[in-house]
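All ligand and atom numbering here is 1-based and tracks the order in the structure. Residues take their numbers from the sequence shown, with the count starting at 1.
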Amino acid sequence: MNNELHLSFEFFPPKTEQGRNNLLDVAKELSRFQPDFYSVTYGAGGSTRDNTKHVVKALHDLRFSVAPHLSFGGDDEATILKLLQEYDAMGIKRLVALRGDRPSGMGGGSQMVYANQLVAFIRQHFGNKFHIEVAAYPEIHPEANSYDHDIRYLKGKFDAGANSGLTQYFFNPDAYFYFIEQCERAGITQPIVPGIMPITNFKNLSRFSDNCGAEIPRWVRKRLEAYGDDLESIKAFGLDLVSELCETLLDNGAPGLHFYTMNQTEPTATLLRNLGLDAQ
Ligand code: FAD
């Protein structure tokens, strides 16, 4: 593997013991690609706090480098401080700091803590112990007041002490390149690694994309819709499309790739092999 290329794989914490065991197998299989780290998501509103911690510990015990995601969710400072102390004691060196989303069905009552405030909180209590990743949105966060506001708030996360960014997934490379240009103009110098979503199932992809504001280009949507339940054709088309996206990103200076693995080996491994990034 090219040492310059940043590679990371995102997992969500399974709810069952069987799911956790399967995930550890996936992590072992993907380790052949020598990722910089695995990251483990944090359920909306902190709903998976303990599950996330268990998976982080299990991956860490296997000597993988692992970055827990975390947000304040509905929690108070003491709860988040305790969680951070536990990660520190475990030997965790990297975090993904987020505002997070509310769990579905939970009203908009309490004020949510923006990610820049969480970054500042971590730096205040732990100095430079952790490498802090933050989320970035090449197609702009769905709640942002404007394009420029969203870039300004991203800059605020770096000013608060974040080290690098991981993006929401997207399928239009121009959205990423334009975004990076705007970030640089705003004075952001830290690396922002594109998030990559393998395409394996149109219904799920469509649902996720509607929720998170990631755009599926019309021609891609039409093509995928036309395949109906023909999963093999969806996978083959998705593999070509996303391989080309990754190639374009890397050829034009993206610092690496962050894969949304959906806790599966094959979609990510097939893409990486297609890109010639198999280490062994
Ligand atoms: P922020 O950076 O705080 O931004 C949230 C919104 O508020 C944006 O619209 C921004 O423009 C605006 N904003 C920011 N600061 C201010 C301010 N000071 N004043 C006014 N407006 C402001 N969600 C989860 O629940 N768990 C996860 O594990 C998770 N992992 C993710 C990983 C990645 C790589 C990405 C890209 C997203 C992830 N998400 C996760 C989704 C994310 O939590 C949501 O998109 C959430 O709505 C925003 O989180 P954020 O950290 O980007 O928020």
Q) Once the angle between the rings of Tyr38 and Phe11 is folded into 0 to 90°, is it parallel (under 30°), tilted (30 to 60°) or perpendicular (over 60°)? A)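 Judged by the thresholds at 30° and 60°, the geometry between Tyr38 and Phe11 is parallel.
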Q.
Parallel, tilted or perpendicular: which one describes the rings of Tyr137 and His141, with boundaries at 30° and 60°?
A.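 Geometry flag for His141 against Tyr137: perpendicular rings.
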Q.
Under a 3.5 Å threshold, yes or no: a donor from one side chain and an acceptor from the other, between His69 and Thr52?
A.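 Distance-only check fails for His69 and Thr52.
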List every atom of ligand 1 that sits less than 4.0 Å from any heavy atom of [X], numbering the atoms from 1 in the order shown and giving each element.
| X | answer |
| --- | --- |
| Gly100 | 25 (O), 43 (O), 46 (C), 47 (O), 49 (O) |
| Ala144 | 9 (O), 11 (O) |
| Gln168 | 36 (C) |
| Asp150 | 8 (C), 9 (O), 10 (C), 11 (O) |
| Thr167 | 36 (C) |
| Ala44 | 25 (O) |
| Glu143 | 9 (O) |
| Thr41 | 28 (O) |

Q. Given side chains that start at C-beta, do those of Asn263 and Asn22 come closer than 4.5 Å, heavy atoms only?
A.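 Answer no - side chains too far apart.
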Q.
Within the structure provided, determine whether Phe126 and Gln85 are in side-chain contact (heavy-atom separation under 4.5 Å).
A.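 Sidechains of Gln85 and Phe126: in contact.
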Assess [X] for proximity to ligand 1: is some non-hydrogen atom of it under 4.0 Å away?
| X | result |
| --- | --- |
| Val96 | no |
| Tyr137 | yes |
| Tyr147 | no |
| Lys157 | yes |

Q | Euclidean distance, Lys157 NZ relative to Arg99 CZ, rounded to 0.5 Å | A |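 If I round to the nearest 0.5 Å, the distance is 9.0 Å.
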Q: Of all the heavy-atom pairs spanning Gly195 and Thr167, show the shortest one and how long it is.
A: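 Minimum heavy-atom contact is N-OG1, 2.8 Å.
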Q) Is the distance between the ring centroids of Phe64 and Phe9 less than 6.0 Å? A)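 Between Phe64 and Phe9, the centre distance exceeds or equals 6.0 Å.
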Q.
I want to know whether Phe121 and Phe72 have ring centres closer than 6.0 Å.
A.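 Under 6.0 Å, so yes.
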(Q) Polar contacts were defined as any N/O atom of the residue lying under 3.5 Å from an N/O atom of the ligand; does this apply to Asp101 and ligand 1? (A)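 Yes, at least one N or O pair falls under 3.5 Å.
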(Q) Counting only heavy atoms closer than 4.0 Å, does ligand 1 sit against the backbone of Arg99, its side chain, both, or neither? (A)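 Both backbone and side chain.
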Q) With a 4.0 Å heavy-atom cut-off (strictly under), which part of Tyr114 contacts ligand 1: side chain, backbone, both or neither? A)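 Under 4.0 Å from ligand 1, Tyr114 contributes backbone and side-chain atoms.
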Distance from [atom] to nearest protein heavy atom, with residue and atom:
| atom | value |
| --- | --- |
| atom 12 (C) of ligand 1 | Tyr153 CD1, 3.9 Å |
| atom 3 (O) of ligand 1 | Ala115 N, 2.9 Å |
| atom 48 (C) of ligand 1 | His141 NE2, 3.4 Å |
| atom 34 (C) of ligand 1 | Tyr260 OH, 3.3 Å |
| atom 35 (C) of ligand 1 | Ala135 CB, 3.7 Å |
| atom 40 (C) of ligand 1 | Leu98 CD1, 3.9 Å |
| atom 30 (N) of ligand 1 | His69 ND1, 3.0 Å |
| atom 25 (O) of ligand 1 | Tyr42 O, 3.4 Å |

Count the heavy atoms belonging to other residues, nucleotides or ligands that lie under 6.0 Å from [atom1] of [X], then report whether that count exceeds 12.
| X | atom1 | result |
| --- | --- | --- |
| Glu17 | CD | no |
| Arg223 | CZ | no |
| Asp251 | CG | yes |

Q) Does atom 9 (O) of ligand 1 have a protein heavy-atom neighbour under 4.0 Å away? A)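 Under the 4.0 Å cut-off, atom 9 (O) of ligand 1 does have protein heavy-atom neighbours.
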Q: Could you walk me through whether Phe170 and Leu245 pass side-chain contact (heavy atoms from CB on, under 4.5 Å), step by step?
A: CA-CA 9 Å; Phe170 55 89; Leu245 170 68; 4.1 Å; yes
Q) Can you check ring pair (Phe, Tyr, Trp, His ring centres under 6.0 Å) on His6 and Phe37, steps first, answer last? A) CA-CA 9 Å; His6 161 107; Phe37 64 93; 5.5 Å; yes
